[in-house]
Structures are given as C-alpha cells and as structure tokens.
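Everything below concerns the one structure shown next.
Reminder, nothing fancy here: chain letters follow the sequence lines and each chain counts from 1.
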2 protein chains.
Amino acid sequence: MPTKTAATRREEAREAYDAFLAACPTRKLLDRISDKWVSLVLVALADGPRRYNDIARAIAGVSQKMLTQTLRSLERDGLVVRTVTPAVPVRVDYDLTPLGRTLLPVMRSIKVWAEAHIEEVESARAEYDSQQG
Amino acid sequence: MPTKTAATRREEAREAYDAFLAACPTRKLLDRISDKWVSLVLVALADGPRRYNDIARAIAGVSQKMLTQTLRSLERDGLVVRTVTPAVPVRVDYDLTPLGRTLLPVMRSIKVWAEAHIEEVESARAEYDSQQG
DNA sequence: CAGAATCCTTCCAGATACTG
DNA sequence: CAGTATCTGGAAGGATTCTG
C-alpha cells in the first residue's frame, strides 16, 4: 500500500479539527444551550427557585430521566444550584446561580431574532419545498 | 381498566407540549443554529461567498454528506444562496442571504458570552467532578 | 468539481419499573 | 417527593463508493 494515503491525511485533519472544536468556547456554549431541555429549564428558573416536580409540571413534555439529567449537568456546570432540605418527604429546590443568570440575556437575544425572523425562514422553507418536492 | 390512567393524561400533556414546542420561535431557532455544522458554515461564509470545496477545506472535520446536508437545509431556510455556474467542471458558490447575515450578530453575542464565562463553567465542572467521582 | 447513494454503527431519548 | 436502574428502537453521523 502507498505511503500515507489521502484517507490517512483526512483522518489526521479531522482529529486536529476535533481538537480545535473541543477547545472552541462558542461551540462549547452552543453545545450546552442547544440541548432540547436546557433552554426550557433556564427559562423555567428565570423568576426564582423551584422544586423538582414544579419544574417537571412547567415543562410538561419532559421525562423524569431527562429532567434529572439536565438539572445535574447544569449543576455540574455551575449554572444551577441544588438545595436539599432534609424533611419527610425530602424537599429539593433548584435555582439559577449568578453565572447561570448571566445566560438569560443571551437567551433573550436569541428569542428576539427568532420572533423577528422565524417567519421569513418558514416561508422560505415553504417556497423551497413547493418548487421541487 | 380504569377510566383515563395517569399514563394517558401524561401522554396527552406531552403531545400538547410538543405542539407548543413546535410553535415556539426560540426553540425553532435554537434547533437551527445548534446543529454542529450550521454555526461553522455561517462563520465560514461571514466574509463573503465561497465554493463548496473551499468551505469543506475551511471546516476540515466535516464529511461531504454532512456539509451538503447542512448547506441544503440552510438554503431551504433562506439563510444561504446556492449559485451554480455552468462550466466544466461545474462551479457552485454559496453565500449568506441578507436574512442569513442578520444571524451573525446573534452568533457574536453567543461568542461574547462564551469567551467571557466558559472558563467559569469549566472550573465549576472540574470542582464538581473532583468532589464525587 | 460537486455531489448522490449506500451501508453501518453508535449513541441517545423515551418507556418502564423500582426505591429511600 | 425526588429520584435511580435498565432496556430498547430509531435516527444521526461517518466511511465508502460511484457519477454528471
């Protein structure tokens, strides 16, 4: 076989790029907030602390597994605090940290664009689809 | 079987919530830009039109399949224009539309937050992991 | 050059059932 | 109340091959 195939070189490039992406702050944040439930939890906590089942009810579509998983990851990242009050039954509150709270304006800017332009996107999509099925 | 089980009610809630999510502009936009390659393509086209293989080289880690798929979806949504110049071989240029260009400030605000705060997230994560493996 | 078509694997979301 | 543990189907993404 030839010395250093194109495939090999491509693979090296891909690995290097993966490393670059792994180090890119913007990508990290996008990965974080783009999760289906993260943004919803963030918004659910915008007005103050809430208990587990309260959040679950606010985000009616989420499964227990996904909600717990989302809250855990947000806690791990310092965006949410989990407060356990020992009692019977146990009481657990979740709240945004100051850091987590700084994320809200970003979410808002996303919301502003979306509300201003998403209809253009939709109609572009409709036109595209109508032109060739 | 009992009339209207909890499972049934939960399923109805989930469906209603799915509908809500499907109609939410913010979610739509997040779904759109959170795609791994979308943001990279957007940035790659920020400075002007580029040819297919040029983009592919700029985003070294992307497969042909994913790049084509991403460009198609962006074109469908009216965020990118595809221009074919008949020649041998064919020449295809991609460019942001004015609509697509309005997305760049949003991307920038995401970038700003990320560069300002992502290190706090990382250290919070490291501390969390060190406290209990 | 700019893709289309195919196969193939891996990962994740959701459902379900159980617990301190 | 606030979770944990386990299983599984489906879809996303990559590698490969072929083409106008």
A:I59 CD1 to D:dA2 P, in whole Å, measures 14 Å
Send over the distance from B:R57 CZ to C:dG3 P, rounded to a whole Å.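 Spelled out: CZ on B:R57 to P on C:dG3 is 14 Å.
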End-to-end axis angle, where each axis spans five pairs of the helix from C:dC1-D:dG20 to C:dG20-D:dC1, to 10°: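 Between the axes fitted at each end of the helix from C:dC1-D:dG20 to C:dG20-D:dC1 lies an angle of 50°.
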Quick one: is [N] close enough that its OP1 or OP2 comes under 4.0 Å of any side-chain N or O from [X]?
X: B:Y94; N: C:dG3; answer: yes
X: A:W37; N: C:dG14; answer: yes
X: B:R51; N: C:dC1; answer: no

Taking C-beta and beyond as the side chain, do [X] and [Y] meet within less than 4.5 Å on heavy atoms?
X: B:L29; Y: B:L103; result: yes
X: A:K28; Y: B:E122; result: yes
X: B:T83; Y: B:D95; result: no

DNA chain D: A:D54 or B:K36, which has the more 5' nearest nucleotide?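 The residue whose closest nucleotide sits nearer the 5' end is A:D54.
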The criterion is side-chain hydrogen bond (donor to acceptor under 3.5 Å, both in side chains); which residues satisfy it with A:S39, sequence neighbours excluded? B:R27
Any donor and acceptor pair, going by atom type alone, linking the side chain of B:S123 with main-chain N or O of B:E120 inside 3.5 Å?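 Looks like yes, one N/O pair under 3.5 Å.
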B:A46 backbone acceptor or donor facing B:R101 side chain under 3.5 Å: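 Yes: the side chain of B:R101 pairs with the backbone of B:A46.
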Linking I/L/V/M/F/W/Y whenever their side-chain heavy atoms sit closer than 4.5 Å, directly or via other members, would B:L40 and B:M107 fall into one cluster? yes
Expected output is a numbered-order residue list: members of residues 63-93 of chain A with a heavy atom under 4.0 Å from any atom of DNA chain D. What is it?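 Close to the strand are A:Q64, A:T68, A:R72, A:R82, A:P89, A:V90, A:V92.
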Where along residues 20-33 of chain A does a heavy atom fall under 4.0 Å from DNA chain D? none
So which of A:L21, A:D31, A:L30 actually passes side chain to side chain contact (heavy atoms under 4.5 Å, CB included) with B:K36?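 In the set A:L21, A:D31, A:L30, the residue that makes a side chain to side chain contact (heavy atoms under 4.5 Å, CB included) with B:K36 is A:L21.
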Heavy atoms of other groups near A:E119 CD, more than 12 under 6.0 Å: no
Could you name each residue pair satisfying side chain to side chain donor-acceptor pair (under 3.5 Å) that touches residues 105-116 of chain A, not counting sequence neighbours? A:S109-B:S109, A:W113-B:T102
Once ring-ring contact (aromatic ring centres under 6.0 Å, His included) is applied, what residue pairs with a partner in residues 39-84 of chain A remain, sequence neighbours excluded?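 Not a single pair qualifies under ring-ring contact (aromatic ring centres under 6.0 Å, His included).
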